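Computed from a prediction, not measured in an experiment: that's the story for all the values here.
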Amino acid sequence: MGGLEVRELEAFLALAEELHFGRAGARLYVSQSRVSQLLRSLERRIGGRLVERTSRTVRLTPLGTDFLAELRPAYAALRATVDGARAAARGMDGIVRIGFQGAGNDHLMAALELFGRSHPDCSAELVEIPLADPFGALRRAEVDAAVVLLPMGERDLVLGSVFAGQPQTLAVARSHPFAGRASVSAEEIADFPLIGVRPPAPEYWRRAQALDVTPGGRPVRTGPEVGTLEEGLAAVAAGRGTMLLCHPTAESHRRRPVAFVPVTGLAESRLGLVWHRYRETPRVRAFSRAVAATKEPADVRSVTVEAS
């Protein structure tokens, strides 16, 4: 196994899960050609083809299927061993970096307070992550865990504690016909362009944040796509479209030249704590337990969270 590179194994794992060279490259933040290069290098080391590729499909060979079955748990165990040794060397002291989208709500603030009281030697830092890249900071190891809008269907990531649901609101310009309304229905959203989120956010995630159709089946007009919350609110203020936001995010931006109108007939927006499957640490697990233990901010005074 002389000269074997971990990056080759990571490329194969990503490709085996995505079955698409472009998406595998996006997950690893490398080009499609680089994924092909890493795969060829791994296949030369092994002495056989792991993947069959046609103009339309990518699939594992029988050798590739067997190799994946043995590699996946071995790779997870290797990462866990390294992370475990690092955690044992450092204990619970140090920093856990928590990414977040939008605005920190009361539940997140309560979890941070509880985590700080339970683990005074470990500091939790909040890092804002772009609206259009909810999972990238995790894959680049810029944060240890992230509080992101659901859904989350990434196979290399883990969904931990889920925050309490929040009502959805519609951000509109102050001059918009909805601006003075007490509420709008989900069906009325289709009357005006709805601002969406641009890639690299996955398509399924982007569709969930900006409706294609209303619950009653009305097609929703497509507005501009934005990369950050600030871009979205600026587009709203300029009258370029409306934008769906959860209630806490709307509340934190009340002073903007934008009106926030409650929406009826839509499911609540939910946030979840997410981390990388191969980079789970005691700190991350402890913070996830803090989130689960603080469903309401008042709970923080009577609860402690142990590390494990």
Side-chain donor-acceptor pair under 3.5 Å between Q168 and S269, yes or no? no
What closest approach, in Å, do G265 and P215 show between heavy atoms, and which atom pair accounts for it? O-CG, 3.6 Å
Close side-chain approach of L150 to V162, heavy-atom, < 4.5 Å: yes
Is there side-chain contact between I129 and V148, with heavy atoms separated by less than 4.5 Å? yes
For D66, all residues meeting salt bridge (Lys or Arg N to Asp or Glu O under 4.0 Å), sequence neighbours excluded: none
If you take all heavy atoms of S185 and T264, which pair is closest and at what distance? CA-OG1, 3.4 Å
E187 and T214: CA distance, side-chain angles, deciding distance, side-chain hydrogen bond (donor to acceptor under 3.5 Å, both in side chains) verdict: CA-CA 6 Å; E187 299 307 311; T214 67; 2.5 Å; yes
What's the spacing between L39 CG and R34 CZ if we round to 0.5 Å? 11.5 Å
Joint hydrophobic cluster, V197 plus L138, side-chain heavy atoms closer than 4.5 Å: yes
Stepwise ring-ring contact (aromatic ring centres under 6.0 Å, His included) test for H176 and F192: CA-CA 10 Å; H176 194 279; F192 297 93; 4.3 Å; yes
Salt-bridged, R181 to E188, with N to O below 4.0 Å? yes
Taking L126 as the starting point, is it possible to reach V143 by hopping between hydrophobic residues whose side chains are less than 4.5 Å apart? yes
salt_bridge(R279, D144) N-O dist < 4.0 Å: no
Does the structure place the NZ or CZ of R53 under 6.0 Å from the centre of the six-membered ring of F21, at an angle of no more than 45° from the ring's axis? yes
Is there a side-chain contact between T294 and F163 in this structure, where contact means two heavy atoms from C-beta onward sitting under 4.5 Å apart? no
Would V147 and L159 show up in the same hydrophobic cluster when neighbours are defined by side-chain heavy atoms closer than 4.5 Å? yes
For the residue pair Q166 and E268, establish whether any side-chain heavy-atom pair is separated by less than 4.5 Å. no
Contact summary for V172 and V236, nearest pair of heavy atoms: C-CG1, 3.4 Å
Contact summary for A190 and P219, nearest pair of heavy atoms: CB-O, 3.5 Å
Taking C-beta and beyond as the side chain, do D106 and L108 meet within less than 4.5 Å on heavy atoms? no
A side-chain contact here means heavy atoms from C-beta on lying under 4.5 Å apart; do L9 and L38 qualify? no
Please step through side chain to side chain contact (heavy atoms under 4.5 Å, CB included) for the pair V158 and M152, ending with a clear verdict. CA-CA 9 Å; V158 174; M152 197 291 289; 5.9 Å; no
Checking side chain to side chain contact (heavy atoms under 4.5 Å, CB included) for the pair L244/L170: CA distance, chi angles, key distance, verdict? CA-CA 5 Å; L244 284 170; L170 190 69; 3.9 Å; yes
Taking C-beta and beyond as the side chain, do V291 and L114 meet within less than 4.5 Å on heavy atoms? no
Rounded to the nearest 0.5 angstrom, the CZ-CZ distance for R49 and R44 is 13.0 Å
Between S41 and E8 (side chain of the first, backbone of the second, donor and acceptor by atom type, cut-off under 3.5 Å), is there such a pair? no
For Y29, is the NZ or CZ atom of R140 found under 6.0 angstrom from the centre of its six-membered ring and inside 45 degrees of the ring axis? yes
Under 3.5 Å, is there a donor on one side chain and an acceptor on the other for Q37 and R40? no
Decide yes or no on salt bridge (Lys or Arg N to Asp or Glu O under 4.0 Å) for R23 and E17, but give the supporting numbers first. CA-CA 10 Å; R23 289 196 297 269; E17 291 177 351; over 6 Å; no
Is the backbone N or O of L149 less than 3.5 Å from a side-chain atom of Q101, with the two atoms forming a donor-acceptor pair by type? yes
Would V51 and T61 count as a side chain to side chain contact (heavy atoms under 4.5 Å, CB included) here? Give the steps. CA-CA 5 Å; V51 173; T61 64; 5.7 Å; no
So, using side chain to side chain contact (heavy atoms under 4.5 Å, CB included) as the criterion, who are the partners of I46 when residues are at least two apart? L42, L50, L63, F67
Can E70 and Y75 be counted as having a side-chain donor-acceptor contact under 3.5 angstrom? no
Decide yes or no for R198 and E231: does some side-chain heavy atom of the first lie under 4.5 Å from some side-chain heavy atom of the second? yes
Begin with the C-alpha distance, continue with both residues' side-chain angles, and end with the deciding distance and a verdict on side chain to side chain contact (heavy atoms under 4.5 Å, CB included) for L13 and L68. CA-CA 7 Å; L13 286 169; L68 175 64; 3.7 Å; yes
As an exercise, state the distance from CZ of R285 to CG of L273, rounded to the nearest 0.5 Å. 13.0 Å
H20 side chain to G22 backbone, donor-acceptor under 3.5 Å: yes
same_hphob_cluster(V213, W205) at 4.5 Å side-chain heavy-atom cutoff: no
To the nearest 0.5 angstrom, please state how far the CZ atom of F115 sits from the OG atom of S288. 11.0 Å
Nearest heavy-atom neighbours spanning P151 and F135: O-CZ, 4.3 Å
For A179 against R174, the heavy-atom pair lying closest together: CB-O, 3.4 Å
Sequence neighbours excluded, which residues qualify as side chain to side chain contact (heavy atoms under 4.5 Å, CB included) partners of P199? R206, E225
Test item: side-chain donor near acceptor, T54 and T57, under 3.5 Å: yes
Considering only NZ, NE, NH1 and NH2 on the basic side and carboxylate oxygens on the acidic side, decide whether E125 and R97 come within less than 4.0 Å. no
Strictly below 4.0 Å, N to O, side chains only: are R218 and D191 in salt-bridge contact? yes
Shared ILVMFWY cluster between L271 and L131, side chains joined below 4.5 angstrom? yes
